[in-house]
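Structure, as structure tokens:
Computation of the quantities below employed the complete heavy-atom set of this structure, encompassing side-chain atoms and omitting hydrogens, waters and symmetry-equivalent molecules. These numbers were taken from a predicted model, which means no experiment stands behind them.
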Amino acid sequence: MTRLSEYLLPTEKQAPADAEAISHKLMVRAGLIRQMGAGMWTWLPAGWRVHQRVVAIIREEIDAIGGQEMLMPVLQPAEPWRKTGRLEIEELFKLNDRKGSELVLAMTHEEAVTFHAAQTINSYRDLPLILYHFQVKERDEPRPRAGVLRTREFVMKDSYSLDRDRAGLDASYEMHVGAYDTIMQRTGLRFYRVESDVGMMGGLGAHEYMAPCPAGEDEVALGPGYAANVEIARRSADVEQDGDRLLMHGEPLTIEPAIEVGNIFKLGTRYSEALDATYLDERGEEHPIWMGSYGIGPARVVAAAVEQFSDEHGISWPRALAPFAVHLVALGRPGTPERDAADRLYEELRAGGVDVLYDDRERAPGEKFADAELLGCPLRLTVGRRSLESGEVEVQVRRGRKDAPGLPLTGEPAELVLAVDELWQSLP
RNA sequence: CGGGGCGUGGCGCAGCCUGGUAGCGCGCACCGUUCGGGUCGGUGAGGUCCCGAGUUCGAAUCUCGGCGCCCCGACCA
């Protein structure tokens with residue numbers, strides 16, 4: 001039931017004065033998100049639909065490589081963090097409960113999985129495992145910025161691979177590379193998988209998934225068949241510095257700003273050793289569990305999509321992420337034949353399982369069209385007096401605002417749904 | 001954490017320099033009008049002027065202190 005007259009979609013003509021990034025401006029203007037404080041954001045209904053589309057894609061692909069979904073708490077005892085040496089991190093929120101016990105708000109969940117691995121995994125027979133969850137992360141960022149791009153609280157899908165040895169970790173890591181590639185392709189984003197710094201996570205190897213866009217905080221160096229974090233490229237033996245340019249075998253690398261939407265790490269045994277997560281092998285010998293950690297931020301995927309796919313009128317979602325497939329605009333006032341036709345069309349689409357947002361508000365046509373373009377659903381159907389005259393529903397494809405052939409206004413509902421679906425499948 | 005900027009109705013802003021009790025556009029409500037690109041006209045509601053202290057007969061405006069937010073940089077497990 002999604003009639004715009006009954007739906008919370010607070011669109012704005014003007015962007016918040018302090019917004020700089022395109023995604024920040026458009027997501028607020030389109031009524032997707034609203035701010036509560038620095039780095040603290042609420043996802044409004046339409047925005048949350050988009051977020052959940054990303055979540056659904058991720059879930060399918062992690063399930064597909066054998067991931068087991070669970071849920072670990074955000075509020076945690078400080079002790080495991082002390083043991084791994086991460087209690088000192090400044091971005092970690094620390095607090096005390098009423099008894100004075102030391103707690104933290106988790107910024108990621110290595111300590112938690114490892115803690116449970118130590119309790120529950122005893123034998124080589126228990127391995128390998130991929131465990132994951134979608135959970136809020138809390139980080140006391142020195143500088144939150146650009147709407148939902150860098151926040152102090154955000155949902156992350158983090159999975160953790162648990163293996164017997166280095167070879168097992170390598171295999172789990174490769175499975176994640178495959179899953180992540182597929183996830184990114186399915187979102188419709190332009191992206192690069194780049195080699196990255198292992199950073200203070202420590203570990204044996206890492207990649208980042210970068211979505212190029214102007215608001216990006218990172219930089220990727222790109223050449224034919226080559227993509228890397230700029231810092232990594234600078235350190236590469238194949239790359240030489242030429243003034244402020246980077247050359248690879250004499251060919252210049254292009255440098256693009258990008259958002260880091262996901263990252264994957266080979267952790268090794270750093271956490272399992274610190275938290276004593278071990279297993280016994282066939283000979284009864286004890287070994288630390290080999291671990292990998294794999295994160296992806298749906299909010300950043302959403303913001304990156306807005307950055308990459310928008311124009312002066314608003315957002316133009318890749319179809320995999322759109323809040324609704326169809327934005328149906330009724331032009332006539334209640335009681336007119338054209339309005340009745342629109343009502344009927346809405347019911348038919350809905351009954352046919354099409355995800356449709358129905359603009360049944362009593363507003364001027366221009367305002368409805370403007371809102372539709374702001375929100376950016378891939379297909380806009382318009383029913384007005386003209387439709388009654390021509391017998392066709394006007395179809396407009398959001399990306400590029402191209403007109404598509406009209407659909408018959410009267411006819412078998414099943415055929416209408418089929419036609420819409422066919423059109424849908426042809427969209428980017 | 002260093003630098004810069006900003007806090008006035010839901011959003012965007014003016015007023016502050018030169019103190020006299022708050023105004024504009026959009027939005028919102030109602031009436032009429034219009035109905036294929038943010039229609040037009042009228043009426044109306046809505047504000048602790050970020051907070052506190054001070055100066056003053058009087059503070060949105062001046063002084064001091066605090067808080068919040070944004071941008072650039074540093075940082076980014």
Side-chain angles (χ1 to χ4, degrees), chain A residues 8 10-21 24-25 28-31 34-41 81 84-92 104 106-111 137-147 149-152 154 156 158 196-203 206 208 215-219 229 231 259-260 263-265 267 270-271 274 293-295 297 300 313-314 329-339 342 359 361-374 380-390 392-394 396 401 403 406:
Chain A
L8 180 65
T11 57
E12 296 285 348
K13 271 189 184 174
Q14 286 163 302
D18 50 25
E20 282 302 314
H24 182 184
K25 290 181 186 169
V28 172
R29 286 194 51 214
R34 227 55 176 201
Q35 184 172 26
M36 268 201 85
M40 294 176 277
W41 289 83
W81 294 79
T84 61
R86 298 212 295 178
L87 193 57
E88 305 314 315
I89 294 173
E90 285 194 26
E91 281 72 27
L92 184 66
V104 306
M107 52 193 300
T108 176
H109 288 258
E110 280 81 7
E111 278 76 5
K137 304 290 177 262
E138 306 285 345
R139 297 183 183 179
D140 194 357
E141 289 285 349
R143 183 154 101 81
R145 63 174 288 272
L149 225 44
R150 183 169 207 83
T151 56
R152 294 197 286 180
F154 60 97
M156 180 188 266
D158 38 328
S196 78
D197 209 325
V198 290
M200 291 180 68
M201 280 295 266
E208 288 169 346
E217 307 184 288
D218 296 288
E219 290 186 318
N229 188 303
E231 282 70 50
I259 302 175
E260 179 187 338
N263 54 40
I264 55 181
F265 290 94
L267 294 174
R270 170 180 169 185
Y271 291 89
S293 127
Y294 316 87
R300 282 192 172 180
H313 301 287
V329 176
L331 294 181
R333 274 180 305 203
T336 60
E338 58 267 32
R339 176 52 181 269
D359 192 349
R361 298 174 303 172
E362 294 196 45
R363 297 302 182 99
E367 189 180 351
K368 293 187 169 191
F369 293 145
D371 275 349
E373 274 139 25
L374 233 198
R380 192 185 89 200
L381 304 188
T382 310
V383 178
R385 203 173 290 161
R386 257 189 229 166
S387 325
L388 293 183
E389 287 161 9
S390 66
E392 281 195 338
V393 182
E394 184 178 311
Q396 201 168 55
R401 297 214 297 160
D403 284 333

Assess the residue pair R363(A) and D371(A) against the criterion (salt bridge (charged side-chain N to carboxylate O under 4.0 Å, His left out)); give the C-alpha distance rounded to whole Å, side-chain angles, the decisive distance to 0.1 Å, and a yes or no. CA-CA 11 Å; R363(A) 297 302 182 99; D371(A) 275 349; 5.8 Å; no
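- E91(A) comes within 4.0 angstrom of a base, heavy atoms only.
- Between the C1' atoms of G20(B) and G15(B), the separation comes to 14 Å (whole Å).
- Nearest nucleotide to the P365(A) side chain, out of G37(B), C71(B), G27(B): G37(B).
- Between G37(B), G38(B), U39(B), one nucleotide has an atom nearer to the side chain of A364(A) than all others, and that is U39(B).
- Across the P atoms, G27(B) and C49(B) are found 27 Å apart, a figure rounded to whole Å.
- Between T84(A) and E110(A), every side-chain heavy-atom pair lies at or beyond the 4.5 Å cut-off.
- Checking C71(B), G38(B), C70(B) against the side-chain heavy atoms of K13(A) singles out G38(B) as nearest.
- Straight-line distance between the P atoms of C64(B) and A45(B): roughly 39 Å, to the nearest whole Å.
- For the pair D158(A) and K137(A), the salt-bridge criterion is met [side-chain N within less than 4.0 Å of a carboxylate O].
- Spacing of C1' atoms, G66(B) relative to G7(B), comes out at 14 Å, to the nearest Å.
- Of the listed nucleotides (G38(B), C72(B), C69(B)), G38(B) has the atom at the smallest distance from the side chain of R29(A).
- Using atom C1' as the reference point in both G46(B) and U63(B), the two lie 33 Å apart (nearest Å).
- Electrostatic pairing of R139(A) and E91(A) does not count as a salt bridge here, judged by no charged N lying under 4.0 Å from a carboxylate O.
- R145(A) and E20(A) are not joined by a salt bridge, as no carboxylate oxygen comes within less than 4.0 angstrom of a charged side-chain nitrogen.
- E362(A) and R339(A) are not joined by a salt bridge, as no carboxylate oxygen comes within less than 4.0 angstrom of a charged side-chain nitrogen.
- The environment of R385(A) atom CZ is sparse: at most 12 non-hydrogen atoms of other residues, nucleotides or ligands sit within 6.0 angstrom.
- To the nearest whole angstrom, the two P atoms, one in C69(B) and one in C30(B), are 36 Å apart.
- Of the two residues contacting RNA chain B, namely A19(A) and R386(A), the nearest-nucleotide position lying further toward the 5' end is that of R386(A).
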What does the B/S/- profile of nucleotides 11-16 of chain B look like, 5' to 3', with a 4.0 Å heavy-atom cutoff to protein? BSS---
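- With hydrogens and angles left out, the side chain of S387(A) and the base of G36(B) share a donor-acceptor pair within 3.5 Å.
- To the nearest whole angstrom, the two C1' atoms, one in U18(B) and one in C6(B), are 23 Å apart.
- Position along RNA chain B of the nearest nucleotide to G384(A) versus E20(A) favours G384(A) as the more 5'-ward residue.
- The base of G37(B) sits within donor-acceptor range of the side chain of E373(A), with an N or O pair under 3.5 Å.
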